[in-house]
2 protein chains.
Amino acid sequence: MTESGKTERSAGGATVWDVASRAGVSAMTVSRVINGNTSVSVKNREKVMRAIGELNYEVNVAARAARIGTLRVGLLYSNPSEAFLSAFLVGALTECGQSGAHLILEHCDNLKSQRKAIDRLIDDGADGILVPPPLCDSKSALRMLAELGIPSVAVATARPSPQMSAVRIDDYEGALTMMRHLLALGHTDIGFIKGDPEHTPTQLRYQAFIDAMRGAGLDVPAERVAQGMFTYRSGLLAARELLGQPTRPTAIFASNDDMAAAVIAVAHGMHLQVPDDLTVCGFDDTPVATTVWPELTTIHQPITEMARGAVALLIEHIRSQRSGHAYDRRHQLMPYTLVVRESTSGTD
Amino acid sequence: MTESGKTERSAGGATVWDVASRAGVSAMTVSRVINGNTSVSVKNREKVMRAIGELNYEVNVAARAARIGTLRVGLLYSNPSEAFLSAFLVGALTECGQSGAHLILEHCDNLKSQRKAIDRLIDDGADGILVPPPLCDSKSALRMLAELGIPSVAVATARPSPQMSAVRIDDYEGALTMMRHLLALGHTDIGFIKGDPEHTPTQLRYQAFIDAMRGAGLDVPAERVAQGMFTYRSGLLAARELLGQPTRPTAIFASNDDMAAAVIAVAHGMHLQVPDDLTVCGFDDTPVATTVWPELTTIHQPITEMARGAVALLIEHIRSQRSGHAYDRRHQLMPYTLVVRESTSGTD
DNA sequence: CTGAAAGCGCTTACAG
DNA sequence: CTGAAAGCGCTTACAG
C-alpha cells in the first residue's frame, strides 16, 4: 500500500507529448489524429498511428472531459421490461464511463409526455439521444427527434429509419436459427406465439417461422398460431389456447422469453413435462430465461453490447457534428446467438 | 443548435476560484473544504460552505479525475442472480460515473478462484473492492480482504462484519413487515419457504416469520415450513411440499421472489387461483416479481441505491486512507418498502 | 496542413 | 491553519 503505486498503476502513462516526440510532430497533430480531424497529412497521420501503437497510448478521458466539457447522453425510455432496461443501462453506462460521458434518463408514456420528455432532455443539455424499444418504433417520437436535428440512435428496432442511426440484430435470421434448431430436433408440429403488433420485430420473427415451416414442406394450420403481447400474462392466455387443442403441438416457439416462461407454467399446470412432453423456446435471453425451470432455450440478443455500440455511435455523431463535419447515419448489425438450455429436446 | 450552447449549458459554471473570491479565501482552502480536509479553521470552513451554497457550486469531477488519477472500484462477484447483478451494476456505475471513478469487474466461483480474482483486481489497480452477496457472507473472502487491508464494502449481508463497511436493509424488520401485511389480511395459516442456509438473510427472515406467528398467538406446525435454496427450482419443490398437505395454508411467504414465482406456477398447476385460493408473497422485488402474473407482493430491497451507497462509502474510505486519515467502518441501513401488488388478498 | 501558447478546473508539494 | 506556484493531459483559438 505504498503511495508510489498510485502513479505507477496509471493506465500506460503515455501522453500526447510522448506520442508527439516519438512521431516527430507536435502534440496538436496527435490530438487531431486521435479526434479524427481530417486536416493532417497522410504521412503524419501514419507516423502518429505507429507511435500510438508502439507506446500503447490511450487517451486520458478524464483530462479530455476536463477540457472539452462532459458529453451528455440522453436516454428516452417508456416501458420496456425492467430486465431489458437493466441490461441496456449496464451497457450504456459502461460505455459512457469509458468515454467520460454522463447518462441522463427521462421517462415518458403517451405522445404528449414524449414531447415534454424530449424537451426536458434537451434542457438538461443532452447532446444526443438514445431510443430503445418500444419508442424506437414510435413514428411520432422519431419525427420529433428528426425535426429537432439532434443526434439520436435507435436500439433494437427491426425496421430502422434511414434518417437515424440504429443498432440491432437480425430478428428474421435469429428466428430462422431457432426454427432450424427445432426442425433439426425432429419437430414438425410447432406452435407459435406472436408478439405485440406495434413492435417491429414481431412481424419478422413470425415471418421467419412461416418461411421455415414452408421451407421444410410443413403446413401451418391457423390453430397453431396465437397472438401474444410480449407479456407473461398474454403468454398464459396464448399457451392455453395452443395447448387446449384436440391435438397438441410437440413444440411451442414463443417470440419472447416472458411468454415462453408462461408456456412452461401452463404446461406444468397440465402435467406436461418440459421438454419431454413439450419443447418450449423463447427469444431475447432476458433474466427470466434462466430463472424458470427448466431454463429456456432462446436467442440471445446482446442488449448490453448493443447499448454500448449505440452510445459509441452517438458520441461519434456528436463529435463530428461539433467539428462541423457531415455525419452519415449508420446501421449496425450485432450478432445474436442460439443458446440451447433445457427446455428443448428431440421428438423420439 | 448554436455552438454557444456548448459552454452555457455547463453545469452551473462556478469554480473553486469563484467560491474562493466570494468567501475571501484562497482556492486551496476551498479545495481542502470540499475534500473534507480537517486543517481548515471553523470560520473559514463556514465561509466556504456559505459561498458554495450561494454559488451553487459543484465540483467538476472530470477536472478532479484529470489531476488525481481515476479511482478504480473493483467488483468481486460470484453467482448472484442476473437480475441482482444488473440492478447492482446500474447503481454502482451511476455512482462511479458521478465520481469519475471506473468500475472493474472480476468473477470467481470457488475458494481458489476467489484468491486469484482478488489478486487480479489489485493488479488491475483496484483502490477498493465491493462485495455483493453471496460473497459478502463468505468468511474466506472476507478474511482475504481484511488481510490485504484494502478498503472494501459488503452489500446486502444480513450480519455485517465489524471489520468492514456494509450497506444493507434490515431483513428481520422487512420480513416482519410482510408478516404484518399477511396477518392484517386475516391469514392465520401461513406457510413459509426458507432460503439458502449459507446466506445470512435466510435466518433473519425465517426468525421474523416465527416471531410474528408467535406474537399473534399462532402455531407453526413443522409441515408449514419448507426448505428452499433461493432458486426457482427449489421453490417448485418446496411449493409442492407445502401445497401437497391434506390441509393447505391460505398463504405462502416465500423468502425471495424467484421462489414465490415458483409457488404461483405450482398453484396454477393445481388449479388454484392466486390470490383468491392462495395468497403468495416474496422478498427482494427483483424483475421476476413484475414479470409473473399476478404480479408479486414483495419487500422492495433497493439494490440500486444500496450499490450507489456502497460505492460512495468505498470512495470515502479510499480518499481518507490516501490522505492518511484513519477511517471508521460504517454500517449503513437502507429503507425497504412493502410493495403490495396482486398476489395477496384477504381471507374472506 | 502544422505548431507554440494559453487555459480547462482542480490538486500536490512547497513554503510560511 | 493558509496560500502562491506549478502541473495533471488534453484541446481551443490563434498564427503561420
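As the structure is a computational prediction, the values presented were derived from the model and not from experiment. Residue numbers begin at 1 in each chain, while the letters A, B, ... track the order of the sequences.
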- Message: In this structure, how many angstroms lie between the C1' atom of D:dG9 and the CD1 atom of A:Ile52, rounded?
- Response: 14 Å
- Item | Atom-to-atom span, CD1 of A:Ile68 to P of D:dA13 - whole angstrom | 11 Å
- Between CZ of B:Arg67 and C1' of C:dT11 the distance, given in whole Å, is 5 Å
- Taking all atoms of both residues into account, what is the closest heavy-atom pair of B:Asp127 and B:Thr70, and its distance? OD2-O, 4.3 Å
- Task: Measure from the side-chain N and O atoms of B:Ser31 to the backbone N and O of B:Ala27, and report whether any donor-acceptor pair falls under 3.5 Å.
- Result: no
- Item | Sidechain-backbone polar pair: A:Thr304 side chain, A:Ala87 backbone, donor-acceptor under 3.5 Å | yes
- Task: Whenever both distances are under 3.5 Å in a Watson-Crick or G-U wobble pair, mark it; put DNA chain D into dot-bracket that way, with [ ] for crossing pairs and | when the partner is on another strand.
- Result: |||.||||||||.|||
- Query: Are any non-hydrogen side-chain atoms of B:Asn35 and B:Arg64 less than 4.5 angstrom apart?
  - Reply: yes
- Message: So, OP1 or OP2 of D:dT11: does either fall under 4.0 Å of a side-chain N or O from A:Arg64?
- Response: yes
- Message: If I compare all heavy atoms of A:Leu76 with all of A:Leu135, which pair ends up nearest, and what's the gap?
- Response: O-CD1, 3.5 Å
- Looking at DNA chain D, which of residues 39-47 of chain A put a heavy atom within less than 4.0 Å of it? none
- Query: Tell me: CD of B:Glu58 to P of C:dC8, nearest whole Å?
  - Reply: 19 Å
- Item | Trace of the side-chain contact (heavy atoms from CB on, under 4.5 Å) decision for B:Leu89 with B:Leu75 | CA-CA 9 Å; B:Leu89 282 172; B:Leu75 170 58; 3.8 Å; yes
- Task: On the 0 to 90° scale, with breaks at 30° and 60°, tag the B:Tyr327-B:His317 ring pair as parallel, tilted or perpendicular.
- Result: parallel
- Query: Ring centroid separation for B:His300 and B:Tyr336, is it under 6.0 angstrom?
  - Reply: no
- Message: With a 4.0 Å cutoff (strictly under), does any side-chain N or O of B:Asn35 reach OP1 or OP2 of C:dT11?
- Response: yes
- Is there a donor-acceptor contact under 3.5 Å from the side chain of B:Arg329 to the main chain of B:Gln163? yes
- Query: In whole angstroms, how far is the P atom of C:dG9 from the CG atom of B:Leu55?
  - Reply: 13 Å
- Verify, without hydrogens or angle tests, whether B:His102 (side chain) and B:Ala126 (backbone) share a donor-acceptor contact under 3.5 angstrom. no
- Is there a residue in residues 23-33 of chain A whose heavy atoms reach under 4.0 Å of DNA chain D, and which residues are they? A:Met28, A:Ser31
- Could you state the atom-to-atom distance from CG of B:Asn60 to C1' of D:dC10 in whole Å? 13 Å
- Examine distances only and state if a side-chain atom of A:Ser99 and a backbone atom of A:Cys96 form a donor-acceptor pair shorter than 3.5 Å. no
